[in-house]
Amino acid sequence: MAKARTKSEASAGTADLTMVEAVGQALARALEEDETVILLGEDIGVDGGVFRATDGLITRFGADRVRDTPLSEAMIGGLPVGLAAMGFRPVAEIQFMGFIYPVIDQIVNHAARLRTRTRGRMTCPMVLRAPYGGGIHAPEHHSESMEAMFAHIPGLRVVIPSSPARAYGLLLAAIRDPDPVIFLEPKRIYRAAREAVVDNGGALPLDRCFTVLKGADVTLVTWGAMLKETLEAAEILAGDSVEAEIVDVATLKPLDMDTILASVSKTGRCVIVHEAPLTGGFGAEIAARLAGEGLMHLVAPVERVAGWDTVMPLLRLEGRYMPSAERIVAAARRVLEYA
Amino acid sequence: MAKARTKSEASAGTADLTMVEAVGQALARALEEDETVILLGEDIGVDGGVFRATDGLITRFGADRVRDTPLSEAMIGGLPVGLAAMGFRPVAEIQFMGFIYPVIDQIVNHAARLRTRTRGRMTCPMVLRAPYGGGIHAPEHHSESMEAMFAHIPGLRVVIPSSPARAYGLLLAAIRDPDPVIFLEPKRIYRAAREAVVDNGGALPLDRCFTVLKGADVTLVTWGAMLKETLEAAEILAGDSVEAEIVDVATLKPLDMDTILASVSKTGRCVIVHEAPLTGGFGAEIAARLAGEGLMHLVAPVERVAGWDTVMPLLRLEGRYMPSAERIVAAARRVLEYA
Amino acid sequence: MSIVASFEIAHTRVLGPDGKVEGELPPFARDRDALVALYRWMVLTRAFDAKAVALQRTGRLGTYASGIGQEAVCVGAAHAMTPDDVLLPSFREHGAQLVRGVTMQELLLYWGGDERGSDFAGPRQDFPVCIPVGTHAPHAAGAALAFKLRDEPSVAVCIFGDGATSRGDVYEAMNVAGAWTLPVVFIANNNQWAISVPRPAQTAAETLAQKAVAAGFEGLQVDGNDVIAVRQATTEALDKARSGNGPTLIEALTYRLGDHTTVDDASRYRDDEEVGRHWKEEPIARLRSYLTAAHGWQKAEEEALIAACAAEVEDAAESYLAASPEPPEAMFDYLYEELPADAARQRAAMLAQE
Amino acid sequence: MSIVASFEIAHTRVLGPDGKVEGELPPFARDRDALVALYRWMVLTRAFDAKAVALQRTGRLGTYASGIGQEAVCVGAAHAMTPDDVLLPSFREHGAQLVRGVTMQELLLYWGGDERGSDFAGPRQDFPVCIPVGTHAPHAAGAALAFKLRDEPSVAVCIFGDGATSRGDVYEAMNVAGAWTLPVVFIANNNQWAISVPRPAQTAAETLAQKAVAAGFEGLQVDGNDVIAVRQATTEALDKARSGNGPTLIEALTYRLGDHTTVDDASRYRDDEEVGRHWKEEPIARLRSYLTAAHGWQKAEEEALIAACAAEVEDAAESYLAASPEPPEAMFDYLYEELPADAARQRAAMLAQE
Ligand SMILES: Cc1ncc(C[n+]2csc(CCOP(=O)(O)OP(=O)(O)O)c2C)c(N)n1
Ligand SMILES: Cc1ncc(C[n+]2csc(CCOP(=O)(O)OP(=O)(O)O)c2C)c(N)n1
Ligand SMILES: [Mg+2]
Ligand SMILES: [Mg+2]
């Protein structure tokens, strides 16, 4: 533990990190500050995770706390429920979101309702991390975005960072949260950019959207890796003197609709962008709320720019599947046509 | 087989059936007309299913075609994929929707994409049946409504009947469909009413909503058991001289938005009713489309009357969880206030 | 060809169906009081079961899964545990929960459809009933890992049915428990039926105990209608787990004398003759015969015990029936430690509806 | 205490690491041509693997999972099958797919990110590669059930890794296959590693073959670097399945000589010394030694065979690289037999974007 403490002091400063490094930093910080934090997953130990998110952690914190598991996703979903009920804060990793489905049973039937069904006697402060999304030319089943399935489950939080600093702050918040959190990491931007991250243990709120660009003409709502294309779209629109406001949802559940409504009440126009298939995607929930409480602000139809309702194609066609800046711009221009 | 044929002729007429009997009738018809149809599930054989949907089928069609499985839901989801790829039409039963989650992996990763990933070389004409929803005072984990999770999966069809005749016609269509279908049976109305069902093998379309009540003032959109409360609400509204139009979605995926849009273009008002939790429920998709292509028809905010975003409570409180006719009426009155 | 591994499945029994000693009597079982304690728990469990079924039949309880005939598995297993161990029951182990200190009123509340029933005043670390078959097995591995990491002597005891042994998550949990040498005891409560599916249709494995072979640890069979054998086998497995030697799977052979639940009608799929045969093996009469023969158990004692149990059950049922209703907003109040704004608005909307 | 069940796990090998006969040579293996055929498939598989890795390194293929070192498992198993059997491979069994008649161009298309690669012109009933570990095991049970219901002599052969044996669905599939006596052969391709997780960390079971004990059917070990032993064990298991005697689990002991995939760096978690040791056991040199010693295999023959394989691989790579791109709307065109109106609108929107 002495070694860990030294390391902690050393790393208390600011560093330019990629998102995957920021995830690792947050995990290290959590392991350091709270001895009930336990990491588990496939290949997270000596290998440091297939994306290196846990690189070096087994050396610093030992194989008891950074545990390679057998290849058993249902178990990886369920064992943490037992650990959490007994006072630990497990952070489990599913290697790719395409392999997360066997975990859903444990999340719906146990993790998300342990507090409710025992009237608070038992709680489940576990975090389930998984890289998700397309665009890295990964093999079949490695590129899906199924956040909407989780956002429908009562009792859960669903969090998706879009930058290194938000990854750090949101993951720390997720680990400290007293209830179960699904933390989905947009792997396409794991190494896309570096950002200054202050390793001071500062968490970000888990019930707030982030307005990442101010603008008065149209609201662009997105999360995760699609923030990149959305920012690009905003830049193209700026060339036409259109000022886009961009909201990074970050925490899908519970949804901070107030921030989105405030923006749309100003712009009257909204384009929602996500990578997951359109139908039943989480964009539907946001658009539905705009059709409800937000209706009177809308001057134009709500557009959703999303993945097609198709199976995520293999790498050759994945570029044609994912929303592009051009598609976002085109949607924005359509909604701007309304007076 | 001689016996089966006799039975078939005898039952070719019309009978007043409950929904669960209509399900059994459709299964029997399918077993009779197509020898590649195989039923499998827990307790569907001698026991006839815990709701008796398969009552008597093992006697008529034998234990080879009406198969009790071991207690293995992931297998019940996956084995039919192999059977279907080899030319059968398996109809698998999950005993209650609360136990369906281990099946999702097989549905997303295999059933719904077998055709796509083999470019049509292999197909997966399987049906997955499951009773769902609350209101029968069943034990914990027996009353959930998670249709939205399935409606988000590309390559799938999601079908929910709301009456005996629709159960018969839609289930036959689902079994004959060349692609995988999730068929969710609202168990609260399994025995709620009888309806004349003609056992003539007539299927209903899997891409069509049903307008079950005509009206010009407000569109009520619903599916499954909630049709009951929605009809009650319409009756209450009729007392105020409000004519509600009711659309029974029936097939959630692919969604027949045209029928809903046509109705809303007439009424300008829409209330969507479902039992599943509000956030991320399938009502969001419908409301989102109204906020998009339907926006210009709307004269009032789209209301969603849904289950709360809570864990489905145990039986004592389930009545307070589920949407009531009163809640639907109140929502309709709110949207009618807009001019 | 060479043989690279071999395995044997042992079966133990102390009392035969007629109550005669067939095996070796373990030390604890030489004590009359100890045996009477086990006997009383079994009698109480059966009385509770009967009352619960009666309450359901009269519309005052939800669907209920009676454990009649399986009292020895539940009582024997739970009685071997220390207070610091953790029980992870399935949904038919009322007897085990009672022995652990869950009150009958709590059990009735739960089965009556009130979540407060799972907020045990007694064994606060014990898990609530698990309805989705076998899904609690990974929790047992997790709890056991917690004990191991904290270097605590506690053991997780996970009970599930014969049907549950076909579930992948039970296998995954056993496998990780073996791989990590976790302090957990798995008990397969083999009552021969999973609703209408008889044990041989569930698996081609000759015994359920051998499921442990796949996970690399010991599996054994015990006569599950012999509370002495169950208690002893559990004690040995607990000791082994506590001393760092990992998990054990105990297959307890018993029989579901009743319907699957109050909404089931077992006569649809099994004949009375089979049930009748198994009545001759049931655990309560068996121990009573032994107590009578070996320890002079008296008719008066028997009557007093039955009357006391009946009174306890009646008391519990009365306080259950008298319990004040839970406010509906409770469904929001335990969803998260702090209710998010979004859900808080729904809570308000629900209350405004009154 | 009595013993109620006992099990033994057998291990077979014909050729030792040095190519000397240690076991009993099965009849087919007395034929030089038969052995040369197996040898050629293994050499071709390795050449294909090397080419695929090279294509990936130069950006012309996606992530690829090399099967180097495991050729005997793939070739031995597939070679024992009849055309009407069905192969359900995992993602590293290129050799098995080649023997079955999948073309190298098809394999490259698939790994190059083009779904057309799974539309096999050859074995149209064989399943495509399965990436989600172990999820194809239930399909094997389903295919086997189809054969059984149709009274066909076909058998489903499902290959998966050591890691996959920890998955619940593999267990569930094996369990139902046992319970229903299905004609299926499960082959655990035990290459000692699941990415960075070594076999002993995967399970406490001494052998993977004993996983079959839990499912109630025979499990056995075979030297997976000995193509003769693999072929023979598979033949016997196929015969057994074909004659109605149900499933077998074959654990084939081999070694993953390469990285997990082209994006893996195995030196992070295992040392060269271990890999070096296993190079001495690899299957191609082993059979070559035997062919040379027992059948006078000549240097010239060897060179001709290697050149022929290299040419075949080059040809395949060239036609792969020359394949016309698939139109993007293909992602809609195989979604359903008939595209629903809703999706058809999206398809049109995608095309309108050009
Ligand atoms: C995962 C799951 N599938 C199905 C059910 C419905 N169900 C309840 S109990 C039961 C049979 C359980 O059999 P077994 O494990 O032997 O336990 P027993 O009821 O005999 O105590 C079934 C199928 C369920 N509760 N959970
Ligand atoms: C269900 C699932 N979990 C995780 C992965 C990521 N992954 C791919 S291969 C692999 C290891 C597989 O090991 P093994 O079964 O031994 O097969 P091998 O790679 O050695 O051939 C893992 C963890 C996956 N593809 N599927
Ligand atoms: Mg049972
Ligand atoms: Mg391996």
Side-chain angles (χ1 to χ4, degrees), chain B residues 41-52 55 58 63 67-78 95-96 98-102 105 136-144 277-279 305-321 323-324 326-327 330-331, chain C residues 59 62-65 91 109-118 128-135 161-170 194-198 201-203 260-261 263-266 268-270 325-335 340 342-343 346-347 349-350 353:
Chain B
E42 294 160 11
D43 306 292
I44 68 162
V46 179
D47 196 34
V50 291
F51 287 103
R52 309 289 173 254
D55 200 13
I58 194 171
R67 305 184 76 89
D68 276 336
T69 62
L71 211 166
S72 310
E73 276 79 7
M75 179 278 287
I76 295 174
Q95 208 160 69
F96 288 89
F99 314 131
I100 210 169
Y101 308 109
D105 193 15
I136 64 160
H137 280 196
E140 203 178 1
H141 303 280
H142 282 67
S143 301
E144 281 75 5
L278 178 86
T279 296
V305 179
W308 309 114
D309 285 336
T310 65
V311 173
M312 178 82 193
L314 288 186
L315 67 91
R316 293 213 186 177
L317 295 183
E318 73 172 337
R320 296 302 300 273
Y321 171 88
S324 60
E326 291 68 40
R327 276 180 68 199
Chain C
T63 304
Y64 178 76
F91 47 81
L109 272 175
Y110 174 77
W111 292 100
D114 187 324
E115 278 84 358
R116 288 175 302 180
S118 291
V129 153
C130 181
I131 297 277
V133 167
T135 54
D162 43 303
T165 65
S166 296
R167 282 270 304 191
D169 31 15
V170 170
I195 308 188
S196 72
V197 178
Q202 201 61 244
T203 180
H260 171 68
T261 64
V263 295
D264 176 54
D265 171 8
R268 290 177 65 89
Y269 51 78
R270 69 179 186 189
E326 226 189 351
E329 64 270 26
M331 73 177 88
F332 287 97
D333 292 344
Y334 301 92
L335 201 54
D342 209 38
Q346 291 190 8
R347 182 179 185 277
M350 184 182 79
Q353 267 178 242

*Indicate yes or no: does C/R268 engage B/D55 in a salt bridge with an N to O separation below 4.0 Å.*
yes

*Given side chain to side chain contact (heavy atoms under 4.5 Å, CB included), test C/M350 with B/R320 step by step and report yes or no.*
CA-CA 8 Å; C/M350 184 182 79; B/R320 296 302 300 273; 4.0 Å; yes

*How many angstroms lie between OG1 in C/T63 and CD1 in B/I136, if you round to the nearest 0.5 Å?*
7.5 Å

How about [X] and [Y]: do any of their side-chain heavy atoms sit closer than 4.5 Å?
X: B/L278; Y: C/Q346; value: yes
X: C/M331; Y: B/M312; value: no
X: B/V50; Y: C/H260; value: no
X: B/E326; Y: C/Q353; value: no

*side chain to side chain contact (heavy atoms under 4.5 Å, CB included) between C/V197 and B/E42: does it pass, once the steps are laid out?*
CA-CA 8 Å; C/V197 178; B/E42 294 160 11; 5.7 Å; no

Short question: side chain of [X], backbone of [Y] - any donor-acceptor pair under 3.5 Å?
X: C/S166; Y: B/S72; result: no
X: C/E115; Y: B/L314; result: yes
X: C/R167; Y: B/L71; result: no

*What part of C/P325 is in contact with chain B, defined as an atom under 4.5 angstrom from a non-hydrogen atom: side chain, backbone, both or neither?*
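It is neither, since no heavy atom gets under 4.5 Å.
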
*Check whether B/H137 gets within reach of chain C through its side chain, its backbone, both or neither, counting any heavy atom under 4.5 Å.*
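B/H137 touches chain C through backbone heavy atoms alone.
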
*With sequence neighbours excluded, residues passing ring-ring contact (aromatic ring centres under 6.0 Å, His included) with B/F51*: B/F96, B/Y190

